[in-house]
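Not measured: the values here are computed from a predicted model. Chain naming here is simple, since letters A, B, ... match the order of the sequence lines and numbering starts at 1 in each.
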2 protein chains.
Amino acid sequence: MAIEHAILVSLSEKSATGYDLARRFDASIGHFWRATHQQIYKVLARMDEQGWVKSEATKRGGRLDKKTYSITDPGAKELLRWTQSPSSPEVMRSDFAVKLRGFVDSDSIREDATTRLESYREMLAFYEESERKFYPDPAKIKDSARGAYLALRGGILLAQGNIAWCEEVLAELNSERR
Amino acid sequence: MAIEHAILVSLSEKSATGYDLARRFDASIGHFWRATHQQIYKVLARMDEQGWVKSEATKRGGRLDKKTYSITDPGAKELLRWTQSPSSPEVMRSDFAVKLRGFVDSDSIREDATTRLESYREMLAFYEESERKFYPDPAKIKDSARGAYLALRGGILLAQGNIAWCEEVLAELNSERR
DNA sequence: AGCCGATATGCAATTGTTTGCATAAATTTC
DNA sequence: GAAATTTATGCAAACAATTGCATATCGGCT
């Protein structure tokens with residue numbers, strides 16, 4: 001029930017085609033909500049029917065029309081309504097935690113923890129780079145950018161939590177080996 | 001593709017009925033993987049067909065049989081296979097981050113952050129209580145409990161990350177108010 | 001005796017998401 | 001000039017998960 005709202009947020013920043021959105025959901029906003037292009041196209045069509053977005057078509061000869069979507073008033077109203085309703089707590093679903101809990105094969109867990117550690121470190125590096133680049137001085141952040149900044153901070157803090165977790169797992173597994 | 005494995009992990013700890021599992025998925029292992037009883041019953045039936053679990057029925061007169069499930073050899077083999085295959089990185093999906101990113105109504109965000117902060121603090125308190133109770137001395141943890149301990153540590157570290165995030169959001173929103 | 005909560009199982013419908021496939025022009029790279 | 005990548009859209013099938021409903025007994029409380 002929230003890919004719609006992620007799309008509304010994204011469109012409220014800037015109008016876009018489904019393709020553009022798919023790229024955004026693979027980068028910026030995609031750090032907080034993943035979605036494939038297939039899903040985006042389908043949801044966009046539904047949202048269009050509902051009147052939350054409108055599309056402007058560009059003819060392209062032999063190919064299907066290119067459609068640029070923008071948010072409508074009802075769409076903005078829905079976004080406000082959603083913002084104002086309390087968000088349900090995230091459903092925790094961690095393959096890694098289940099794997100740990102099972103503790104069937106410590107070598108595999110070590111490998112997995114190593115891979116995860118690496119990818120969370122990359123993620124953290126990326127987020128921190130963004131932070132330095134876009135918000136060098138937290139006191140001077142424009143009001144319009146406060147939300148994006150705080151979302152980014154979340155990415156950083158959660159990545160750090162995950163890194164700490166992986167490091168602990170690896171430390172524990174290595175101490176166990178002796 | 002992982003509720004099966006969470007069930008296998010849980011059954012490998014101790015045989016159980018669907019009902020028992022549903023309660024576990026609402027507490028211990030449920031901290032890392034949520035599932036409803038309906039889903040559990042359905043998946044158990046499928047796993048039974050696949051031969052990953054077997055069930056022993058107890059007749060109960062007018063009512064449907066009570067079935068106690070336990071893990072089979074093929075089930076244990078599948079659990080090992082799953083453990084040894086690299087876990088796909090968790091798909092991040094955070095309503096809260098999307099809401100922040102949109103930043104439509106800061107009062108609602110403040111409320112939301114306050115609620116989340118509270119629930120993560122409760123979670124953390126619960127985890128830390130478990131840690132004190134079951135693992136007072138990390139150096140003396142039995143091998144068989146290492147996995148559960150490390151999963152618990154994950155819960156603690158991620159809860160702390162989320163708490164830090166909520167606190168930052170609230171601090172930022174309050175400084176903005178002036 | 002009546003009510004409530006716990007025990008115990010499950011079907012059905014719907015919604016949400018992933019995966020596989022398909023098409024086709026424009027642009028960049030070798 | 002050929003090949004690969006990017007731009008751009010979408011359908012269909014399968015799988016995963018949620019929500020609503022239904023049933024029935026047992027034990028404890030009032």
Restricting to pairs with a member in [range], which pass salt bridge (charged side-chain N to carboxylate O under 4.0 Å, His left out), not counting sequence neighbours?
range	result
residues 115-129 of chain B	A/Glu90-B/Arg116, B/Arg121-B/Glu167, B/Glu129-B/Arg132
residues 28-51 of chain B	B/Glu4-B/Arg46, B/Asp26-B/Arg34
residues 10-24 of chain B	A/Arg101-B/Glu13, B/Asp20-B/Arg23

Quiz item: Toward the 5' end of DNA chain C, which comes first, B/Thr68 or B/Arg93, by nearest nucleotide?
Solution: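 On the 5' side of the pair lies B/Thr68.
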Quiz item: Taking the side chain of B/Thr36 as heavy atoms from C-beta outward, which of C/dT9, C/dT18, D/dT19 is closest to it?
Solution: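 Between C/dT9, C/dT18, D/dT19, the one nearest the side chain of B/Thr36 would be D/dT19.
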Quiz item: To which residues is A/Tyr41 joined in a hydrophobic cluster, defined by side-chain heavy-atom contacts under 4.5 Å among Ile, Leu, Val, Met, Phe, Trp and Tyr, whether direct or through other members?
Solution: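 Grouped by the 4.5 Å side-chain rule, A/Tyr19 form the rest of the cluster around A/Tyr41.
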Between the protein and nucleotides 24-27 of chain C, list every N/O to N/O distance that falls short of 3.5 Å.
| from | atom 1 | to | atom 2 | distance (Å) |
| --- | --- | --- | --- | --- |
| C/dA25 | O4' | A/Arg63 | NE | 3.0 |

Show me the side-chain donor-acceptor pairs of residues 70-79 of chain B shorter than 3.5 Å, one per line, residues at least two apart or across chains.
| from | atom 1 | to | atom 2 | distance (Å) |
| --- | --- | --- | --- | --- |
| B/Thr72 | OG1 | B/Gly51 | O | 2.6 |
| B/Thr72 | OG1 | B/Trp52 | O | 3.0 |
| B/Thr72 | OG1 | B/Gly75 | N | 3.2 |
| B/Glu78 | OE1 | B/Arg81 | NE | 2.9 |
| B/Glu78 | OE2 | B/His5 | NE2 | 2.8 |
| B/Glu78 | OE2 | B/Arg81 | NH2 | 2.8 |

Quiz item: Can you name the side-chain hydrogen bond (donor to acceptor under 3.5 Å, both in side chains) partners of A/Ser94, sequence neighbours left out?
Solution: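 By the side-chain hydrogen bond (donor to acceptor under 3.5 Å, both in side chains) rule, A/Ser94 matches no residue at all.
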Quiz item: Does C/dG16 have OP1 or OP2 sitting under 4.0 Å from an N or O in the side chain of A/Gln39?
Solution: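 The answer is no; no side-chain N or O of A/Gln39 sits under 4.0 Å from OP1 or OP2.
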Quiz item: Quick one: side chain to side chain contact (heavy atoms under 4.5 Å, CB included) partners of A/Thr115, sequence neighbours excluded?
Solution: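 Testing A/Thr115 for side chain to side chain contact (heavy atoms under 4.5 Å, CB included), a comparison that skips the adjacent residues, returns none.
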Practice problem: Using salt bridge (Lys or Arg N to Asp or Glu O under 4.0 Å) as the criterion, list what pairs up with A/Lys140, not counting sequence neighbours. | Solution: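 For A/Lys140, the residues satisfying salt bridge (Lys or Arg N to Asp or Glu O under 4.0 Å) (neighbours in sequence not counted) are A/Asp137.
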Exercise. May I ask you to decide if the ring planes of B/His31 and B/Phe126 are parallel, tilted or perpendicular, using 30° and 60° as cut-offs?
Key: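 If you compare the ring of B/His31 with that of B/Phe126, the planes turn out tilted.
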Quiz item: Below 4.0 angstrom, N of the basic side chain to O of the carboxylate: do B/Asp65 and B/Arg60 qualify?
Solution: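 Salt bridge flag = no for B/Arg60 with B/Asp65.
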Dump every N/O contact between nucleotides 3-6 of chain C and the protein below 3.5 Å, one line per pair.
none

Dump the pairs, protein N or O against N or O of nucleotides 10-12 of chain C, anything under 3.5 Å, distances to one decimal.
| from | atom 1 | to | atom 2 | distance (Å) |
| --- | --- | --- | --- | --- |
| C/dG10 | OP1 | B/Lys67 | NZ | 2.4 |

Quiz item: Using the C1' atoms of the five pairs at each end, what is the angle between the end axes of the helix from C/dA1-D/dT30 to C/dC30-D/dG1, to 10°?
Solution: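 Angle reported: 30°, given to the nearest ten degrees.
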